[in-house]
Every structure is written in structure tokens, then in C-alpha cells.
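Have a look at the structure below before the remarks.
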Protein chains: 2
Amino acid sequence: MAVENIAKALGDESRRKIIELLKEGELPATAIFDQFEYAAPTISRHLSVLKDAGLVSTRRNGVFIYYSLEKDALRQLDEWLSPFLPKAKAAPKEKTNSAPKIPKDNPFDKFQSEF
Amino acid sequence: MAVENIAKALGDESRRKIIELLKEGELPATAIFDQFEYAAPTISRHLSVLKDAGLVSTRRNGVFIYYSLEKDALRQLDEWLSPFLPKAKAAPKEKTNSAPKIPKDNPFDKFQSEF
DNA sequence: GTAATAATTAGCAGTATTGTTAAATATATA
DNA sequence: TATATATTTAACAATACTGCTAATTATTAC
């Protein structure tokens with residue numbers, strides 16, 4: 001699934017809470033419903049958004065439908081993020097005032113101000 | 001800023017593209033506008049969403065307003081993700097009210113099916 | 001002062017999202 | 001078959017989002 005859909009799905013508090021509930025393992029929809037004040041159909045639709053984004057999968061066991069986390073989707077988002085993040089968190093941000101570095105052939109060079 | 005706002009801000013293709021444009025360094029708004037087919041005010045509002053989410057910051061230099069990436073915001077999202085991902089290079093961030101720790105006498109245990 | 005450029009804000013329309021309740025579907029069991 | 005439970009789908013209202021154009025603000029140069 002696209003990173004966009006994954007990020008968008010995570011941009012809702014209820015859906016992030018669902019993801020956290022599923023961290024320890026699969027749960028039937030009912031158990032998830034019970035953790036919210038919202039009506040069941042509301043959460044059901046949140047679950048379907050998560051499923052469409054590839055963040056959860058389902059299996060039926062009798063009358064229950066178990067939801068579980070698809071960590072690969074979270075990993076995809078993490079992989080989109082990682083190129084932006086310095087290797088280790090070893091170097092704490094040092095409030096740099098230095099000019100941002102731009103590659104030599106950067107088409108935006110002309111915009112780099114001189115201070 | 002909240003992880004929710006960060007995720008929500010990244011859940012839009014134009015905004016993710018802006019983030020990628022800023023990866024190499026700061027850019028004035030005009031340079032960003034030029035990379036899109038959308039009208040400048042549209043992109044301007046996207047920039048303000050990113051700024052509200054803490055993903056970018058600005059500085060004025062003359063008539064230009066330079067936007068730059070705030071990697072700390074991306075790192076916050078990354079830290080929310082890390083505990084879900086196996087090879088956790090996770091920060092030992094143990095911030096209390098984040099993920100609902102499910103205790104050993106897990107109230108959901110009864111939902112764990114036997115296969 | 002006026003003019004030019006950079007950027008944001010205001011107001012509006014179309015669409016998407018999120019919540020609701022009621023109805024429908026699927027399964028298990030008496 | 002009928003009934004009960006689990007879950008989703010349908011239909012709807014309220015709100016949020018995204019795009020546009022036009023107007024406004026900020027800065028620089030003349």
C-alpha cells in the first residue's frame with residue numbers, strides 16, 4: 001500500500017489507538033469496540049480504513065473476526081522516514097545556524113541566501 | 001507537536017512532496033510553488049499545515065520566506081513507530097502514557113483463540 | 001510616495017471524513 | 001426453523017479538507 005494511505009490512516013487518533021491495542025496480538029472486533037466510546041459501526045469503519053491501508057488484516061473464527069497488525073505497513077512508513085533521519089540519535093540536535101548544504105548540481109542553488 | 005498531527009500532515013501527497021523537496025535544505029516558498037501545478041495559495045496553505053504540525057519552520061530573508069525541514073518532528077513519528085518494528089533501534093523513551101501497556105492478567109486473553 | 005515581487009489570507013464550492021441510528025449479513029446453537 | 005450475537009453496510013447530517021480566484025500584507029527598489 002502507498003505510504004500516503006498509511007500515513008493518512010495513522011492521522012486519526014482512534015485508528016492509532018486501534019494499532020496500539022493490536023500491538024500485543026490479534027483481537028476480535030468486539031474487543032476493540034469495547035475500548036471506545038464511539039458506536040461500533042464507527043469503529044468498524046475505522047477498521048476498514050486500516051485494512052484498506054494494509055495496516056491490519058483479518059481472519060474469521062466462528063462468529064468472531066480477528067484483527068491483527070500488519071507490521072510491514074508500519075515498516076514501509078518507517079522506511080520512507082529513515083532517509084530523513086540521522087543515523088544514530090547519538091548526536092542531539094545542536095542548534096545549527098549554519099547554512100543548509102546543497103549538492104553542487106542543485107537546481108535550487110540560486111535560492112540559497114548568503115547568510 | 002502531536003504524532004497525530006504529524007501523521008495527518010504526511011497523509012497528503014503534496015505535503016509529502018514538499019517534505020522531500022526540503023530534504024536537501026531550505027527553500028523559499030516561491031521555489032516550492034514552482035514545483036507544483038497547483039496555484040500558489042493552495043501550496044501556501046499546505047505549507048502552513050506542515051508548519052502547524054511542526055514539520056517545517058520559516059525564516060524571512062528580505063522578501064523571501066525560507067522553509068526548512070524540522071527533522072525532530074519526523075523523528076517523533078519514527079519513535080512512535082519503532083516499538084512496533086522488530087529490529088528496534090528504538091529510543092528507550094518509556095514515555096508513560098503512550099502505548100497502553102497490557103498487563104500480564106490481560107483482559108483480552110479470553111479473546112486469544114487457540115490456533 | 002509608487003511599483004513590483006513574494007507570500008498569505010479571505011471567501012467560496014466541491015468533495016471527503018466522521019459520527020450517528022437502522023437495517024442487513026453471517027455464524028452458531030437450541 | 002427461530003433466535004442470539006458479531007459485524008458490516010446504508011443513509012444521513014455535520015464538519016473538515018482541498019482546490020480556486022481575488023484581495024491583502026510585507027518587503028525592496030525606484
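Chain letters run A, B, ... following the sequence lines, proteins first, then strands; residues in each count from 1.
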Comparing B/A40 and A/K8 on DNA chain C - which has the more 5′ nearest nucleotide = B/A40
Hey, are the side chains of A/L22 and A/I32 touching, using non-hydrogen atoms and a 4.5 Å cut-off?
-> yes
Could A/D78 and A/R75 be called an ion pair, given the rule that one side-chain N must be under 4.0 Å from one carboxylate O?
-> no
D/dC20, D/dA6, C/dA6: which one has an atom nearest the side-chain heavy atoms of B/R45?
-> D/dC20
Interatomic distance where CD belongs to A/E26 and C1' belongs to D/dA6 [whole Å] = 16 Å
Side chains of A/I18 and A/L55: does their closest heavy-atom pair fall under 4.5 Å?
-> no
Among the nucleotides D/dA11, D/dT8, D/dG19, whichever has the atom closest to the side chain of B/H46 is D/dG19
Take the protein atom CG of A/D52 and the nucleotide atom C1' of C/dA16, then report the distance between them rounded to whole Å.
-> 14 Å
For A/Y38 and C/dT21, what is the distance between atoms OH and P respectively, to the nearest whole Å?
-> 13 Å
Phosphate contact (D/dT18 OP1 or OP2) by B/T42 side-chain N/O below 4.0 Å = no
A/D12 has a side chain; which of C/dT9, C/dG19, C/dT18 sits nearest to it?
-> C/dT18
Taking side chain as C-beta onward, heavy atoms only, is B/E70 less than 4.5 Å from B/V56?
-> no
Would you indicate whether B/Y38, at its atom OH, is surrounded by more than 12 heavy atoms from other residues, nucleotides or ligands within a distance under 6.0 Å?
-> no
Check every strand shown and say whether B/A39 touches a base, only sugar-phosphate, or nothing at a heavy-atom separation below 4.0 Å.
-> base
Which nucleotide in C/dT8, C/dG19, D/dT8 has an atom nearest any side-chain atom of B/F33 = C/dT8
Nucleotides 24-30 of chain C: protein proximity per nucleotide (B base, S sugar-phosphate only, - neither; heavy atom, under 4.0 Å) = --SBS--
Not counting sequence neighbours, which residues clear ring pair (Phe, Tyr, Trp, His ring centres under 6.0 Å) with A/F84? List them please.
-> A/W80
d(CD1, B/I43; P, C/dT9) in whole Å = 15 Å
Measure the distance from NZ on B/K17 to C1' on D/dT18 and round it to the nearest whole Å.
-> 16 Å
Nearest-Å distance for atom pair CZ/C1', residues B/F36 and D/dC20 = 17 Å
Quick note, B/P41 side chain, CB onward, closest among C/dT9, C/dA6, C/dG19 is C/dT9
When rounded to whole Å, the NZ to P distance for the pair B/K51 and C/dT8 reads 8 Å
Using a cut-off of 4.0 Å on non-hydrogen atoms, how would the nucleic acid contact of B/Y67 be classed: base, sugar-phosphate, or nothing?
-> sugar-phosphate
State whether the number of non-hydrogen atoms from other residues, nucleotides or ligands found under 6.0 Å of A/E13 atom CD is greater than 12.
-> no
